[in-house]
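Input: a single structure, listed below in structure tokens.
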Amino acid sequence: MTVKVAPSILSGDFAVMGTETVRMQKAGADMIHCDVMDGVFVPNLTFGHKMVSDIRKYVDVPLDVHLMITKPERYLDKYVQAGADRLSFHIEATSSATENLMSIKNSGIKAGIAVCPETPITDIFPLLDYLDYVIVMGVHPGFSGQKYIPETTERIMRLAEEIRGRKLSVEIEMDGGANENNVRMIAGAGANIIVSGSCAFNSPTPEKVIAIFQCRD
């Protein structure tokens, strides 16, 4: 069992973000997770497409851009142009989910959708044919350092079962609350990608944290 690890720059030092992303790439990160927050959909502000464009110059690994913003369809093109390799938005933030996913896929990058803990995981099922990946939130979106919501494990298992049953190649990404103690349980439930925030960025040895999160057998 091996999973991909996506350190979230939400936990990085914004004053030296280029250096921070290079540090994570050198530590073995499979991709860099970029949390874009607008202060409306979630009660926090982070950064916009310029940050994505700037850090694109520093790393070669894929940029996994997670839009936590209202009406994401207004900005999809800007993040594609900024260099996103993977682009997701929240199902709760738009009434144009299918159109948005088709727009992202037509741009030539991977399309994803994120789902908050309160939203039934079954709400994602009608969209699976349009998706490359689903982000299952393990915390309430908006801030790093929160504790993992235990019910998330069952949600991942239910989603994985649906994907297998329909013989789809949709990845499951878990975002929020992962740590060295629960990462194998999360991966065992069916997560292919795990976002690591404070665990990786706050560690003096992020390469060890990333290796643990990758669940290398």
Side-chain angles (χ1 to χ4, degrees), residues 1-8 28-33 35 61-68 72 84-94 96-141 148-197 199 210-217:
M1 175 174 60
T2 302
V3 302
K4 298 175 185 175
V5 179
S8 169
D30 297 287
M31 59 189 74
I32 301 294
H33 190 78
D35 288 305
V61 294
L63 296 184
D64 181 36
V65 179
H66 177 186
L67 301 180
M68 302 184 192
D85 299 283
R86 302 160 56 86
L87 184 59
S88 62
F89 58 89
H90 273 262
I91 189 173
E92 304 89 356
T94 182
S96 305
T98 302
E99 293 85 350
N100 290 349
L101 291 169
M102 292 178 67
S103 175
I104 296 170
K105 290 177 78 72
N106 288 338
S107 73
I109 67 173
K110 291 190 175 182
I113 203 160
V115 56
C116 292
E118 301 86 359
T119 302
I121 199 66
T122 50
D123 285 5
I124 297 293
F125 292 0
L127 298 171
L128 285 175
D129 289 325
Y130 302 95
L131 286 163
D132 293 301
Y133 64 105
V134 177
I135 297 180
V136 180
M137 296 300 298
V139 299
H140 299 288
Y148 181 75
I149 297 172
E151 291 78 12
T152 306
T153 307
E154 177 60 34
R155 288 162 60 79
I156 293 170
M157 292 174 67
R158 180 68 184 88
L159 177 59
E161 179 184 32
E162 181 73 12
I163 291 169
R164 285 194 304 270
R166 289 165 60 175
K167 296 181 172 59
L168 299 173
S169 56
V170 178
E171 294 180 305
I172 299 175
E173 181 171 340
M174 201 294 295
D175 183 3
N179 58 48
E180 295 94 330
N181 297 320
N182 64 16
V183 66
R184 281 193 170 268
M185 174 188 69
I186 295 166
N192 313 106
I193 303 163
I194 297 179
V195 176
S196 170
C199 277
I210 289 172
I212 292 171
F213 272 50
Q214 288 170 330
C215 303
R216 298 172 184 167
D217 290 329

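Since the model is a prediction, treat every value here as computed from it, not as a measurement.
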Quick one: does L128's side chain get under 4.5 Å of L131's, heavy atoms only? yes
Heavy-atom side-chain proximity of L63 to D85 below 4.5 angstrom: yes
So CG of D175 and CG of D35: to nearest 0.5 Å the spacing works out to 5.5 Å
Spacing of F89 atom CZ and I135 atom CD1 [to the nearest 0.5 Å]: 11.0 Å
Kindly give the heavy-atom pair with the smallest separation between V195 and S8, and that separation in Å. CG1-CB, 3.8 Å
Any non-hydrogen side-chain atom of V5 less than 4.5 Å from a side-chain atom of D30? yes
Counting only heavy atoms not in M102 (residues, nucleotides, ligands), do more than 12 fall under 6.0 Å from its CE? no
E92 and V115: CA distance, side-chain angles, deciding distance, side chain to side chain contact (heavy atoms under 4.5 Å, CB included) verdict: CA-CA 7 Å; E92 304 89 356; V115 56; 3.9 Å; yes
For F125, does the CZ atom have more than 12 heavy-atom neighbours from other residues, nucleotides or ligands under 6.0 Å away? yes
Interatomic distance, CD1@I124 vs CD1@I172, rounded to 0.5 Å, equals 11.0 Å
Quick test of your reading of the model: are E162 and R158 salt-bridged, counting only N-O distances below 4.0 Å? yes
Between M174 and A191 the two heavy atoms that sit nearest each other are CB-CB, 4.3 Å
Indicate the atoms forming the closest heavy-atom contact of I113 with H90, along with that distance. CG1-C, 4.4 Å
Kindly compute the distance separating CD (E173) from CE (M137), expressed to the nearest 0.5 Å. 9.5 Å
Side-chain contact test, heavy atoms from C-beta onward, threshold under 4.5 Å: evaluate it for N179 versus Y148 and give yes or no. no
Using every non-hydrogen atom in the two residues, find where A187 and I194 come nearest and quote the distance to one decimal. N-CD1, 4.3 Å
If you measure from the Lys or Arg side-chain nitrogens to the Asp or Glu carboxylate oxygens, is any gap between R155 and E151 under 4.0 Å? no
How many angstroms lie between NE2 in H33 and CD1 in I193, if you round to the nearest 0.5 Å? 10.0 Å
Once rounded to the nearest 0.5 Å, what's the spacing between atom CG of N192 and atom OH of Y133? 13.0 Å
Within the structure provided, determine whether H66 and R86 are in side-chain contact (heavy-atom separation under 4.5 Å). no
Is there a side-chain contact between P141 and P117 (heavy atoms, below 4.5 Å)? yes
Which heavy atom of G177 sits nearest a heavy atom of V139, and at what distance? N-CG1, 3.8 Å
Would you check, one step at a time, whether the test side chain to side chain contact (heavy atoms under 4.5 Å, CB included) holds for C215 with V183? CA-CA 8 Å; C215 303; V183 66; 4.2 Å; yes
Answer yes or no: are there more than 12 heavy-atom neighbours, outside K110 itself, under 6.0 Å from its atom NZ? no
D129/R166 under side chain to side chain contact (heavy atoms under 4.5 Å, CB included): CA gap, chis, key distance, verdict: CA-CA 9 Å; D129 289 325; R166 289 165 60 175; 3.4 Å; yes
I want to check something: taking the side chain as every heavy atom from C-beta on, are E154 and I121 in contact at a cut-off of under 4.5 Å? no
